[in-house]
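Computed from heavy atoms alone, side chains included, the values below leave out hydrogens, waters and symmetry copies. Both counts, for ligands and for their atoms, begin at 1 and track the order of listing. Note that the structure is a prediction, hence the values are computed from the model and not measured.
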Amino acid sequence: MYDIGIIGGGTAGMTAAIYGQRAGKRTVIIEGGNFGGQITSSPNVENYPGIASVSGSEFSMNLLDQAMKLGAETEVERVTGIRDEGAIKVIETTGKEYPCRSVIIATGVTHRHLGVPGEERLTGAGVSYCATCDGAFFRGKDVAVIGGGSTALQDAEFLSNYCRKVYLVHRRDEFRGEESIVKRLRQKENIEFVLSATVKEITGDSVVEGVVLNNKKTGEEFRLDVAGVFIAVGQIPQNEIFAEVVKLDGNGFILAAEDCITSHPGIFAAGDCRTKEVRQLTTAAADGAVAALAACKYVAAQE
Ligand code: NAP
């Protein structure tokens, strides 16, 4: 029996485990893929207070190490749902069941797809959603990064260190991501901004050969010859499996305010998976702390 069952091993989930363990609670983090979450794809995190610069993977590995040294248990299992048995909430996975006194859902978000022809077919053959993972395969080649948020900006900067040319393709004239990075990108000779352009198709027989774009202002269609297309157009939640136990908003985020309390007593939501204005590493960590303390209070009240 766990005091706190945490679903998701990203920044929010691992921070929740740290707070849970330090409060003397038995805590398990259940992660379906790799521990670390989205931030592991960030080549360089420069906006976490107290850390001027760290790679996302180093940051998350330190976090996991900290949680495990405090005694948090970890499991790699695909969660399929939560069954409410009153005082006990059972986390169901494909392999096992985890009875818990409280549950924190910290499942984050997943990559949004463009939904254009060629994207799915060429994923892994030039189409990628992770520049830090796949960038090195494109050394000396020309690539396109799609998106205008912080992820796309960081990806373009990272890829410019390997690639001959990086086209940064964004559907508007203004970037959503951090201005300080935009300024740095403007200084790079091998980065070209392609603005007000949308992707129509990704082309290539067995590997990516190019991307067909549409200039939104002129209606003109044009093509960039690239070997890689890095898609960074934001994220979407994957909370359908929890829809029977907690309320979701119209976009699939778990309805929970800053207190991380969901519609279901004893089940909390932390990080990017919940309704919130600011989805940042700092707010994910803050949610982990808030949700864990709320879970501790809930467990104590049940005793
Ligand atoms: P994001 O901020 O939501 O940006 C997504 C971008 O993709 C936007 O520019 C959007 O365009 C564009 N887009 C969305 N759908 C599109 C479509 N169908 N076709 C073309 N373009 C499309 O996502 P993100 O960059 O992944 O960042 C997510 C969150 O993580 C943000 O809060 C960000 O600040 C944070 N983050 C933090 C760090 C860090 O180092 N701390 C690093 C990366 C990300 P519009 O602008 O026109 O909507």
- Task: Specify the protein heavy atom at minimum distance from atom 34 (O) of ligand 1: its residue, its atom name, and the distance to 0.1 Å.
- Result: Gln280 NE2, 2.5 Å

- Task: For Gln154, counting its heavy atoms only, list the atoms of ligand 1 lying under 4.0 Å from any of them.
- Result: 40 (O), 42 (C)

- Find all atoms of ligand 1 within a distance of less than 4.0 Å from any non-hydrogen atom belonging to His170, and give their numbers and elements. 9 (O), 11 (O), 45 (P), 46 (O), 47 (O)

- Message: Please tell me whether Lys188 and Ser160 have a donor and an acceptor in their side chains that are separated by less than 3.5 angstrom.
- Response: yes

- Query: With atoms numbered from 1 as shown, which atoms in ligand 1 lie under 4.0 angstrom from a non-hydrogen atom of Asn47?
  - Reply: 39 (C), 40 (O), 41 (N)

- Query: Are more than 12 heavy atoms from other residues, nucleotides or ligands located less than 6.0 Å from atom CZ of Phe222?
  - Reply: yes

- Polar proximity ligand 1 side, Gly149 side, N/O cut 3.5 Å exclusive: yes

- Query: In terms of atom number and element, which parts of ligand 1 are under 4.0 angstrom from non-hydrogen atoms of Ser42?
  - Reply: 42 (C)

- Nearest candidate to atom 26 (O) of ligand 1, where distance is taken over non-hydrogen atoms, out of Ile39, Thr151, Val116: Thr151

- Run the numbers on Asp3 and Arg26 for salt bridge (Lys or Arg N to Asp or Glu O under 4.0 Å), then give the verdict. CA-CA 5 Å; Asp3 295 309; Arg26 188 177 179 209; over 6 Å; no

- Message: Could you check whether any heavy atom of Gln38 sits closer than 4.0 Å to an atom of ligand 1, since that is the contact criterion I want to use?
- Response: no

- Message: With no hydrogens and no angle check, just 3.5 Å: does a side-chain donor-acceptor pair link Thr262 and Arg274?
- Response: no

- Query: Within a radius of less than 6.0 Å around CD of Glu174, do more than 12 heavy atoms belonging to other residues, nucleotides or ligands occur?
  - Reply: no

- Task: Just need the protein heavy atom nearest to atom 10 (C) of ligand 1, so name the residue and atom and give the distance.
- Result: Arg171 NH2, 3.8 Å

- Message: At less than 4.0 angstrom from any non-hydrogen atom of Arg172, what atoms of ligand 1 do you find?
- Response: 45 (P), 46 (O), 47 (O)

- Item | Option of least heavy-atom distance to atom 3 (O) of ligand 1 (set: Gly177, Ser150, Gly234) | Gly234

- Message: For atom 19 (N) of ligand 1, tell me which residue out of Asn44, Leu114, Ile181 has the closest non-hydrogen atom.
- Response: Leu114

- For atom CZ of Arg83, is the number of surrounding heavy atoms from other residues, nucleotides or ligands below 6.0 Å larger than 12? yes

- Query: In Å and rounded to the nearest 0.5 Å, what is the CD to CD1 distance from Glu92 to Ile30?
  - Reply: 11.0 Å

- Item | Nearest neighbour in protein (non-hydrogen) for atom 7 (O) of ligand 1 | Val233 CA, 3.1 Å

- Between Tyr98 and Tyr2, what is the ring plane arrangement, given parallel below 30°, perpendicular above 60°, and tilted in between? tilted

- Message: Tell me the nearest of Arg279, Gln235, Arg176 to atom 8 (C) of ligand 1, using heavy-atom distances.
- Response: Arg176

- Where do Glu209 and Thr203 land on the side chain to side chain donor-acceptor pair (under 3.5 Å) test, with the steps shown first? CA-CA 6 Å; Glu209 287 166 17; Thr203 58; 5.8 Å; no

